[in-house]
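Since the structure comes first, as structure tokens, the remarks are kept for the end.
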Amino acid sequence: MEERYDFARLEEKWRRRWEEADLYRCVEDEERPKKYILVMFPYPSGPAHMGHVANYNLGDVLARYFRRRGMNVLHPMGWDGFGLPAENAAIRSGVHPSKYTWDNIALLKEGLQRLGYSYDWSRELATCDPEYYRWTQWFFLKFYERGLAYKALAWANWCPSCRTVLANEQVVGGRCERCDTLVEQKALPQWFLRITDYAERLLADMDQLSGWPESVLTMQRNWIGRSEGCEVTFRVKETGQEIPIFTTRPDTLWGVTFFLLAPEHPLVDELTEGTPYREGVQAFRERLKGVSAIERTSLEAEKDGVFLGAHAVNPVNGEEVPIWTANFVLMEYGTGAVMAVPAHDQRDFEFARKFGLPIKVVIQPPGGDLRPEEMTEAYVDPGIMVHSGPFEGLDSEEGRTVRVPDYLEERGWGKRAVNYRLRDWLISRQRYWGVPIPIVYCSRCGMVPVPEEDLPVLLPEDVEFIFEGPSPLERSEEFRRTVCPRCGGEAERETDTMDTFVDSSWYYLRYASPRDKDRPFDPRAVRYWLPVDQYIGGIEHAIMHLLYSRFFTKVLKDLGMVDFDEPFTNLLCQGMVVMGGAKMSKSKGNVITPEGFIDSYGADTLRLFILFLGPPEADKEWNEAGIEGAHRFLHRVWRLVHRYLDILTFKTQPVPEDAEVLKRLSHLTHRTIKKVTEDIERFAFNTAIAAIMEFTNGLYREIEEYPDAFNTYEGHEAIRSLILLLAPFAPFITEELWEEVGGEFSVHQQPWPDYDPRLARSERITLVAQVDGKVRDRIEVDADVAEEEMERIALSSPKIRKNLEGREIARVVVVPGKLVNIVTR
RNA sequence: GCCGAAGUGGCGGAAUGGGUAGACGCGCUGGUCUCAAAAACCAGUGGGGUUUCCCCGUGCCGGUUCGAGUCCGGCCUUCGGCACCA
């Protein structure tokens, strides 16, 4: 028997034993209920850091808990291997992205293994493994076949000095992070996935996501940004061209006094070609360089724009209004053109005031009389339509939703339309370290998809990494030159790679059958394991990753590959581990790694400490003060169990069966089982641990005073329950202690302890007596005290009577089993 | 700026359905043990006062209620996301 808590030795011992016993391997078993618990896989940026520990702790506790509740648990781990940092490393230090990534994966894996997470490592995957990314390419082809992947012009950050495309991250203050040159926007032909086709379903199916935090659903709903309104066609007076616009306020059509185009709108160039206005447009665009869309569209941003010398004709009244281009109009939203109604839209109002454009009131507030010259802001609320042709005097809400849309449709000037803020998903990246898009360009056949049997399109190893100029793939002759799969003639490969969010949009499916050579996943395995029962990940992924994964799942359902609509039934979004208020990241240089702490205190201590730091959803400021406390607690448990083992070794006095101490032990045990069980179910791991600490403190008090009481059924039950309850949180020490108390290997395979509600219930409660809502006395009473009895006890309390002297009782509020409040006049 | 969160002792946090604010832990103070120290154990620990008791107190201002950390309205600060970081 080991007397000292030698965490290093025992953690090493059990790590090996678990591996030998293949304790966490899982296989499909139709006889048992399954539970798929998944924590978002990491980008391998280096060794494990505290953020990873905080993340993966949560999944591991749940996996261990549900296994012991008899569930067949799938708890896998893998690597989101592609990404920008690997390529930056290659440029900076000449390390090949592949080596950089696989080295980091090895480091990170070692860190996670030291922490004792119960993954089925046989299912490990990496998105940068050709065996994985061939299927990412395969999915691209399926999307392409269904018309869900298409190529179109799109804007990219362009550094004119480096002649390269920049990620948003590489643009700092509107300038290139390397050479400080003002970043421009450049239009490139790029690949998109048609997520907007699924906007309606992404919204509608949210009613299946009752297991998601409401805040995440709200963010997604707002991101999709569905709005109902009308599409109305204006005509350019000078050229006769038709320009459709989208508006949610058709009731304000009679108040249009000018017309706006996004700066990137092709008509801006067309209309000003060879006119004196061209110069103004150039100057305006120059001012927009280096200004992000967020800044441009900020409500507080200074309005900017220029007149284009042309006019738009309003279909409803034939009025000709000037066409301008303005900074706050986005090409990506709607049609890139808007009708401007300065009286009833704040941004239009500010623009009109700045450039002296007319303001025309067409909605009067109820009982009000707005005059354009007196207005200080736009009137955006409903009211009565005025100066609006046939709709004079109509309620604007009726005009907006029914009458005006009908009117436009009857005359063919416009139609009801739904617009989304959501844009199609731009997946093209002009980078090396990603999945090559499996498309070939043939001079004869045009764009040709790579046949399935030719997948994967492998990334060439031998390429050059420099920051400037075209991407390594584009410069690689060897990669680009190929033959057309259709005609066999000379052809060129697509050199764009895919956004890494594509890789992570389907990895949860691959875990079901990670070694399948013939398909992305085995439908039978997926039918058994999917959807993910509990998904866990950072709140920073609330929108994009989760939305893209939902989209992928829906497309897969349409392809007949899965039979569910939503990939993640329940979602837990945890906060981040922050350092000095900022999230831990290598680029900020504030990464704390677990290794040193594991060396000094052991993995159990670190796991326990991080869980104890606070609730999962909250951000956690890293502060190592307190880790000693977690270690001290494990030491206390260790010593308590050994004290108990000592008692068993020596003969002890028999304890009478009705002894109060035995009742107290039972109550303490069952109360704790109840509390810990309920807390785990609601992810309150910090309070579950606090309850186990209280349990330990309570047992200490009893064992000091009544050691004999521990050589009884109640004593054995208490000690064994302590070990069983602590096991999901501190898997190593509990395995050792379990063995020492004669438990059967493994503690992690023991059924979760049950509690007896009668024993968990307290017999006495504290009755709180208040006068006018202020606590004046606390009286201990039987738990099953009647309401009238509570009132009588409170009123007879000397402290209460003293407080009531000279006052008249107005009423008495009794909260059964809790409190009596005496209200005076 | 827009969308979504969060603000409670010296610190991390607890209070699960409107009902005892501060569980549990850290830190600190005092004590026991020791030649001494460490460890361990015991006691105390929101602020204030006229200290058997009373007052104040959950970011700020206001409201609802017998009763508000919790609900409502308005603000402030911090964090996350904003479509090429993942």
Side-chain angles (χ1 to χ4, degrees), chain A residues 40 42-43 45 80 82-85 88 156-157 165-171 190 195 213-223 225 292-301 332 421-431 499-501 504 538-545 547-548 573 575-576 578 581-583 585 587 609 612-615 617-621 623 625-630 632-633 635-636 639 678-679 682 684 686-687 689-694 697 700 704 766-775 778 799 802 810-813 815 818-824:
Chain A
M40 292 176 187
Y43 174 74
S45 56
D80 191 10
F82 281 125
L84 189 59
N88 287 341
N157 298 315
V165 174
L166 300 178
N168 287 342
E169 199 186 44
Q170 296 170 315
V171 180
Q190 307 202 60
I195 191 172
E214 200 51 51
S215 58
V216 174
L217 295 177
T218 304
M219 279 191 265
Q220 293 212 350
R221 212 172 273 124
N222 292 339
W223 182 263
S292 72
I294 292 175
E295 292 165 311
R296 258 174 60 185
T297 56
S298 162
L299 286 180
E300 290 192 346
E332 294 89 356
R421 206 188 71 100
L422 181 70
R423 306 199 300 260
D424 274 340
W425 176 11
L426 197 171
I427 59 159
S428 276
R429 299 293 181 266
Q430 292 70 44
R431 275 188 245 299
D499 179 6
T500 57
F501 276 125
S504 56
I539 185 68
E540 67 271 26
H541 294 294
I543 297 175
M544 294 203 283
H545 162 61
L547 196 67
Y548 294 146
C573 281
M576 297 183 308
V578 296
K583 89 175 174 190
S585 76
S587 58
F609 173 62
F612 192 60
L613 229 41
E617 312 81 34
D619 282 346
K620 285 161 266 287
E621 172 72 33
N623 177 4
I627 193 161
E628 299 262 6
R632 212 148 34 208
F633 165 66
H635 241 123
R636 266 169 80 75
R639 286 200 316 272
E678 287 170 356
D679 280 359
R682 68 183 181 105
N686 54 331
T687 52
I689 292 166
I692 299 173
M693 287 174 169
E694 284 183 74
N697 293 343
Y700 254 102
E704 287 303 320
T766 304
L767 188 159
V768 173
Q770 299 181 326
V771 175
D772 292 329
K774 289 189 170 154
V775 179
R778 290 170 226 258
K799 289 179 184 171
K802 207 179 134 202
R811 61 187 274 215
V812 178
V813 180
V815 182
K818 276 207 175 123
L819 160 151
V820 175
N821 185 16
I822 299 152
V823 186
T824 66

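Labels below follow one simple rule: chain letters A, B, ... track the order of the sequence lines, proteins then strands, and each chain is numbered from 1.
Proximity note for A/M544 (side chain, C-beta onward) versus B/C84, B/G81, B/C55: the nearest is B/G81. Of the candidates B/C85, B/C24, B/C84, the closest approach to any side-chain atom of A/R431 belongs to B/C84. The side chain of A/K774 lies closest to B/C56 when the candidates are B/C56, B/G19, B/A83. Out of B/G80, B/A14, B/C24, the shortest distance to the side chain of A/T687 is found at B/A14. When distances are taken from the side chain of A/Y43 to each of B/A86, B/G13, B/G25, the shortest belongs to B/A86. When distances run from any side-chain atom of A/M576 to the nucleotides B/G80, B/C56, B/G19, the shortest one goes to B/G80. Of the candidates B/C85, B/G25, B/G19, the closest approach to any side-chain atom of A/M693 belongs to B/G25. Of the candidates B/A86, B/C56, B/C41, the closest approach to any side-chain atom of A/R639 belongs to B/C41. Comparing B/G4, B/G1, B/C85 against the side chain of A/T218 picks out B/G4 as the nearest. Which of B/G19, B/C24, B/C3 sits closest to the side chain of A/F612 comes down to B/C24.
Pair assignment for B/G12: B/C24, on the basis of Watson-Crick or G-U wobble contacts that are both within less than 3.5 Å. With a cut-off of 3.5 Å on both pairing distances, B/U34 has no Watson-Crick or G-U wobble partner at all. Pairing for B/G80 is with B/C3, a Watson-Crick or G-U wobble pair whose two hydrogen-bonding atom distances lie under 3.5 Å. Across all strands shown, B/U29 forms a Watson-Crick or G-U wobble pair with B/A43, both key distances being under 3.5 Å. As the counterpart of B/U65, no nucleotide is assigned, since no Watson-Crick or G-U wobble pattern has both distances under 3.5 Å.
Among the atoms of the strands shown, base atoms are found under 4.0 Å from some heavy atom of A/Q430. When heavy atoms are screened at a 4.0 angstrom cut-off, A/L422 is found touching base atoms of the nucleic acid. Nucleic acid contact class of A/F501 (heavy atoms, under 4.0 Å, all strands): base. Within the 4.0 angstrom heavy-atom criterion, base atoms lie near A/H541. Across all strands, A/S504 comes closer than 4.0 Å to no nucleic acid atom at all (heavy-atom distances). Heavy atoms of A/R221 sit nowhere under 4.0 angstrom from any nucleic acid atom. Contact annotation for A/V815: base contact, defined as any heavy-atom pair under 4.0 Å involving a base atom. Residue A/V812 is out of contact with every strand shown, counting any heavy-atom pair closer than 4.0 Å. Across all strands shown, A/Q770 has heavy atoms under 4.0 Å from base atoms, whether or not it also approaches the sugar-phosphate. At the heavy-atom level, A/L84 lies under 4.0 Å from the strands shown only through sugar-phosphate atoms.
When only modelled atom types and interatomic distance are considered, A/R636 and A/N697 share a side-chain donor-acceptor pair under 3.5 Å.
For B/C66, one of the phosphate oxygens OP1 or OP2 lies less than 4.0 angstrom from a side-chain nitrogen or oxygen of A/R811. OP1 and OP2 of B/C24 both lie 4.0 Å or more from every side-chain N or O belonging to A/N697. Phosphate contact (OP1/OP2 of B/U20, side-chain N/O of A/T766, threshold under 4.0 Å): absent. Using a 4.0 Å cut-off, some side-chain N or O of A/R632 falls inside it from OP1 or OP2 of B/C26. For A/R778, no side-chain nitrogen or oxygen approaches OP1 or OP2 of B/U20 to under 4.0 Å.
No hydrogens or angles were tested; on distance alone, a donor-acceptor pair under 3.5 Å links the side chain of A/Q190 to the base of B/C84. Side-chain to base pairing of A/N821 with B/C66: one donor and one acceptor N or O lie within less than 3.5 Å of each other. Side chain A/E704 to base B/C41: no donor-acceptor pair is found below 3.5 Å.
B/C28 and B/C11 have their C1' atoms separated by 11 Å, with the value rounded to a whole Å. Comparing the C1' positions of B/G46 and B/G57 gives a spacing of 8 Å, expressed to the nearest Å. B/G12 and B/C72 have their P atoms separated by 26 Å, with the value rounded to a whole Å. Atom P of B/A15 sits at a distance of 15 Å from the matching atom of B/G69, rounded to the whole Å. Taking the P atom of each, B/G49 and B/A43 are spaced 27 Å apart, rounded to whole Å. Distance noted for atom C1' between B/A14 and B/C35: 44 Å (whole Å).
Each of A/W223 and A/P42 was matched to the nucleotide of RNA chain B holding its nearest heavy atom; the match closer to the 5' end belongs to A/W223. With RNA chain B read from its 5' end, the first of the two nearest nucleotides for A/D80 and A/A630 is the one closest to A/A630.
The minimum heavy-atom distance between A/P615 and A/K620, with the atom names listed, is O-NZ, 2.9 Å. Nearest heavy-atom pair, A/A167 versus A/N157, reported as atom, atom and distance to 0.1 Å: C-ND2, 4.0 Å. When every heavy atom of A/D80 is checked against every heavy atom of A/Y43, the shortest pair comes out as O-CD1, 3.0 Å. Considering all non-hydrogen atoms of both residues, A/G575 and A/D619 come closest at CA-OD1, 3.3 Å.
Because its glycosidic torsion is within 90° of 0, B/G9 is reported here as syn.
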- request: Please step through side-chain contact (heavy atoms from CB on, under 4.5 Å) for the pair A/R221 and A/T218, ending with a clear verdict.
  value: CA-CA 5 Å; A/R221 212 172 273 124; A/T218 304; 4.2 Å; yes
query: Checking side-chain contact (heavy atoms from CB on, under 4.5 Å) for the pair A/R682/A/T687: CA distance, chi angles, key distance, verdict?
result: CA-CA 10 Å; A/R682 68 183 181 105; A/T687 52; 3.8 Å; yes
field: Stepwise side-chain contact (heavy atoms from CB on, under 4.5 Å) test for A/N623 and A/L613
entry: CA-CA 9 Å; A/N623 177 4; A/L613 229 41; over 6 Å; no
- request: Start with the C-alpha gap between A/D772 and A/V823, add the side-chain angles, then the distance that decides, and say whether side-chain contact (heavy atoms from CB on, under 4.5 Å) holds.
  value: CA-CA 5 Å; A/D772 292 329; A/V823 186; 3.9 Å; yes
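Note: CG (A/N222) to C1' (B/G1) measures 15 Å, nearest angstrom. One interatomic measurement links the two molecules: CG of A/N88 to P of B/C84, which rounds to 17 Å at whole-angstrom precision. Residue A/F82 contributes atom CZ, which lies 16 Å from atom C1' of B/C84 at whole-angstrom precision. Regarding A/K799, its NZ atom lies at a distance of 17 Å from the P atom of B/U51, rounded to whole Å. The interatomic distance linking A/L613 (CG) with B/A14 (P) rounds to 11 Å, in whole Å. Following rounding to the nearest Å, A/E621 (CD) and B/C26 (C1') show an atom-to-atom distance of 15 Å. In this structure, CG of A/N623 is placed 12 Å from C1' of B/G13, rounded to the nearest angstrom. Between the CZ atom of A/R636 and the P atom of B/A40 there is a distance of 9 Å, given to the nearest Å.
Aromatic ring orientation, A/H541 versus A/F501: perpendicular (interplanar angle above 60°, classes split at 30° and 60°).
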